[in-house]
Number of protein chains: 2
Amino acid sequence: MKEKKEDRRISRTRRLMHEALMALIVEKGYEEVTVQDILDRADVGRSTFYAHYRDKDELLLSSFEHLRTLFEVQQQAIFAARRTGRAPELNIVLELFRHTGEHHRLYKAIAGKRSGEMIRKYLYRYLYNLLIGPHTEMMKQRTTPPVPVEVTTHHLVSSLLSLITWWLDNNMPYPPEKMDEIFRRLSTPTLEAAFGRRAEEIITSEYSAGSVIAFYSQFIDRGCCPDK
Amino acid sequence: MKEKKEDRRISRTRRLMHEALMALIVEKGYEEVTVQDILDRADVGRSTFYAHYRDKDELLLSSFEHLRTLFEVQQQAIFAARRTGRAPELNIVLELFRHTGEHHRLYKAIAGKRSGEMIRKYLYRYLYNLLIGPHTEMMKQRTTPPVPVEVTTHHLVSSLLSLITWWLDNNMPYPPEKMDEIFRRLSTPTLEAAFGRRAEEIITSEYSAGSVIAFYSQFIDRGCCPDK
DNA sequence: TCTTTTATCGAACACCGTGTGTGATAAAAA
DNA sequence: TTTTTATCACACACGGTGTTCGATAAAAGA
């Protein structure tokens, strides 16, 4: 259980380099940042950098992985708390916005419009697994919805990603709860249409407790548009 | 009216360089392509390249601008034809998919997943102007829809862009007509929800003749969700 | 056809960022 | 204190960039 003590110098150097990279991304955009810039800003020797990371990308990735772990630990805590008392169902999208808001400085550098292609793809894959991953086997259904399932999932993930980046790039003008509501309003009717079902009972208070995906899988569990 | 005759050598060199870039993007992805690669592939002198373009980006941009002009000329021809006989209303999204499909080799290099950050932003701006641009002044309405107008427009444009790139990256498994239908199915209910209106009359045959945006502006012309 | 114009070539150049390797040094851990 | 090791400064080869220049060849113009 005990964490192995890490050399103070290591954590210090890593922290300096991460801070430098984040500041530089906000200033000139990720693509424009050079390893040289990071060395100058962090005041760290050249060989030291390469002792820790293979290149720029790996440094950025490790920043993201750190946040990712933080998020997942936090979610598991909430999940555990759910077992104890009767807590409301987990809304993963809302939690995601909250977590992003809490670390908005880092996420703005990592996911904002000044970030690069590489992290965009990484984020897409992460969100895909988060939203769609647990329900992939359910997708192998034989009914043919009006919109192909792959298109719907792609659309859903892209929407969330673009919504998050918009939020960050515009200095988070609304609270996470409002963003979650917006995402629900934008995506839920789309899901209905994609699966060819009527929408009445979806935009209701009953739904607001769950996640979009909870409802998504509900669609599929019922065999997809059973009343059509 | 007469086009100024361009030196044969110029068009030849430009063509060679464009072809080289497109082939290389498909092979290794835009970011990975170097000017050196282009020179080798096109069999063109170094100084010749820089006599035409400042850098990689400008070369790619000029490819896109060429396609853009082609599309716009074609659309104006259709628009002109509409005056003569009674032709169906212009569906800009359908036309966009048709045009993309006709030049799918080029668009796959330019807009596909192997393309770069820079062209993505350019494409976003272009689609934004195409879809939202003509209706910007209509957006300055005083009613407060459930989802902020900027978010809805951003979501709409991102959706179309991600749908187009998905189509290209997956070797266009459906015809443009189907893609237009998919986009309509995905975006129309979202627009309703965003503007807080009931959806009944939207997914109807009457609508299928027009463009999403035609309907979008219809929302706004009526003052946004008047029956709520 | 002959002349003029000019696009291309190729070679050289300085510049900058990258990634690797070295032994010396200082700071942490034991 | 002794041992371990992370950091440092410096040097190096490599590769891509963007510029310059005179020579050459291929167009355009008469």
Side-chain angles (χ1 to χ4, degrees), chain A residues 1-63 66 114-119, chain B residues 1-63 66 114-119:
Chain A
M1 273 294 181
K2 282 174 189 172
E3 299 285 333
K4 247 184 189 173
K5 284 172 196 168
E6 198 185 40
D7 195 312
R8 268 196 222 118
R9 290 170 291 181
I10 294 183
S11 32
R12 178 181 166 276
T13 316
R14 287 216 162 109
R15 183 176 46 77
L16 285 172
M17 294 197 293
H18 277 107
E19 286 170 1
L21 177 59
M22 293 306 146
L24 286 163
I25 290 176
V26 173
E27 282 173 32
K28 13 194 285 186
Y30 179 69
E31 322 269 14
E32 248 49 58
V33 177
T34 71
V35 175
Q36 195 64 52
D37 292 332
I38 302 169
L39 305 183
D40 295 345
R41 181 68 61 100
D43 202 25
V44 155
R46 184 161 203 75
S47 33
T48 306
F49 177 92
Y50 288 105
H52 287 270
Y53 305 102
R54 207 187 306 106
D55 49 29
K56 255 206 314 181
D57 283 11
E58 204 171 287
L59 174 59
L60 182 62
L61 237 308
S62 86
S63 269
H66 177 243
R114 312 223 59 158
S115 130
E117 193 76 358
M118 167 237 149
I119 206 73
Chain B
M1 275 293 181
K2 282 173 189 172
E3 300 285 333
K4 248 182 189 173
K5 284 171 196 169
E6 199 184 40
D7 195 313
R8 268 196 221 118
R9 289 169 291 181
I10 294 183
S11 32
R12 190 187 97 92
T13 314
R14 289 217 160 108
R15 183 176 46 77
L16 286 173
M17 293 197 294
H18 276 107
E19 285 169 3
L21 177 59
M22 294 304 144
L24 286 163
I25 290 176
V26 174
E27 282 173 32
K28 12 195 288 185
Y30 180 68
E31 322 269 14
E32 249 48 59
V33 177
T34 70
V35 174
Q36 195 63 52
D37 292 332
I38 302 169
L39 305 182
D40 294 345
R41 181 68 60 100
D43 203 24
V44 154
R46 183 161 203 74
S47 35
T48 306
F49 178 92
Y50 287 105
H52 287 270
Y53 306 102
R54 207 186 305 108
D55 49 29
K56 255 206 314 181
D57 283 11
E58 203 171 287
L59 174 60
L60 183 61
L61 238 307
S62 86
S63 269
H66 177 244
R114 313 223 57 159
S115 130
E117 192 77 356
M118 167 236 148
I119 207 73

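Chain naming here is simple, since letters A, B, ... match the order of the sequence lines and numbering starts at 1 in each.
Listed candidates were dT17(D), dA28(C), dT18(C). Nearest to the side chain of Val35(A) is dT18(C).
Residue Leu60(A) holds its CG atom at 4.0 Å from CD1 of Ile119(A), rounded to the nearest 0.5 Å. Rounded to the nearest 0.5 angstrom, Glu19(B) CD and Ser63(B) OG are separated by 10.0 Å. Rounding to the nearest 0.5 Å gives a distance of 10.5 Å between CG of Leu61(B) and OH of Tyr53(B). The CD atom of Glu31(A) sits 5.5 Å away from atom CD of Glu117(B), with the distance rounded to the nearest 0.5 Å.
Separating the CG atom of Asp40(B) from the P atom of dG10(C) is a distance of 12 Å, rounded to the nearest angstrom. Between Ile10(B) atom CD1 and dT6(C) atom P the separation is 10 Å, expressed in whole Å. Atom C1' of nucleotide dC14(D) and atom CZ of Arg46(A) are separated by 13 Å, given to the nearest angstrom. The CE-P distance, from Met17(B) to dT8(C), rounds to 8 Å in whole Å. Atom CG in Asp55(A) sits about 14 Å away from atom C1' in dT20(C), given to the nearest Å. With rounding to whole Å, Asp7(A) atom CG is found 18 Å from dT3(D) atom P. Straight-line distance from the CD1 atom of Ile38(B) to the C1' atom of dG15(D): 16 Å, rounded to whole Å. A straight line from CG of Leu39(A) to P of dC8(D) spans 10 Å, rounded to a whole angstrom.
Taking side-chain N and O atoms only, Tyr50(B) has a distance below 4.0 Å to OP1 or OP2 of dG18(D). Regarding contacts with the backbone of dA7(C), every side-chain N or O of His52(B) stays at 4.0 angstrom or more from both OP1 and OP2.
In this structure, the side chains of Glu6(A) and Arg14(A) come closer than 4.5 Å at one or more pairs of heavy atoms. Residues Val33(B) and Ile38(B) form a side-chain contact, since some pair of their non-hydrogen atoms from C-beta on lies under 4.5 Å apart.
In terms of position along DNA chain D, the nucleotide closest to Arg9(A) lies nearer the 5' end than the nucleotide closest to the other residue of the pair Arg9(A) and Ser47(B). Residues Phe49(B) and Thr13(A) both approach DNA chain D. Their nearest nucleotides, taken by heavy-atom distance, put Thr13(A) toward the 5′ side.
End-to-end axis angle for the helix from dT1(C)-dA30(D) to dA30(C)-dT1(D), using five pairs per end and rounding to 10°, comes out at 40°.
For the side chain to side chain contact (heavy atoms under 4.5 Å, CB included) with Glu27(B), the qualifying choice from Glu32(B), Arg41(B), Met22(B) is Arg41(B), the only one to do so.
Backbone-only contact: Asp43(B) has heavy atoms under 4.0 Å from sugar-phosphate atoms and none from a base.
Checked by distance alone, Arg54(A) brings no side-chain donor or acceptor within 3.5 Å of a matching partner on the base of dG19(C).
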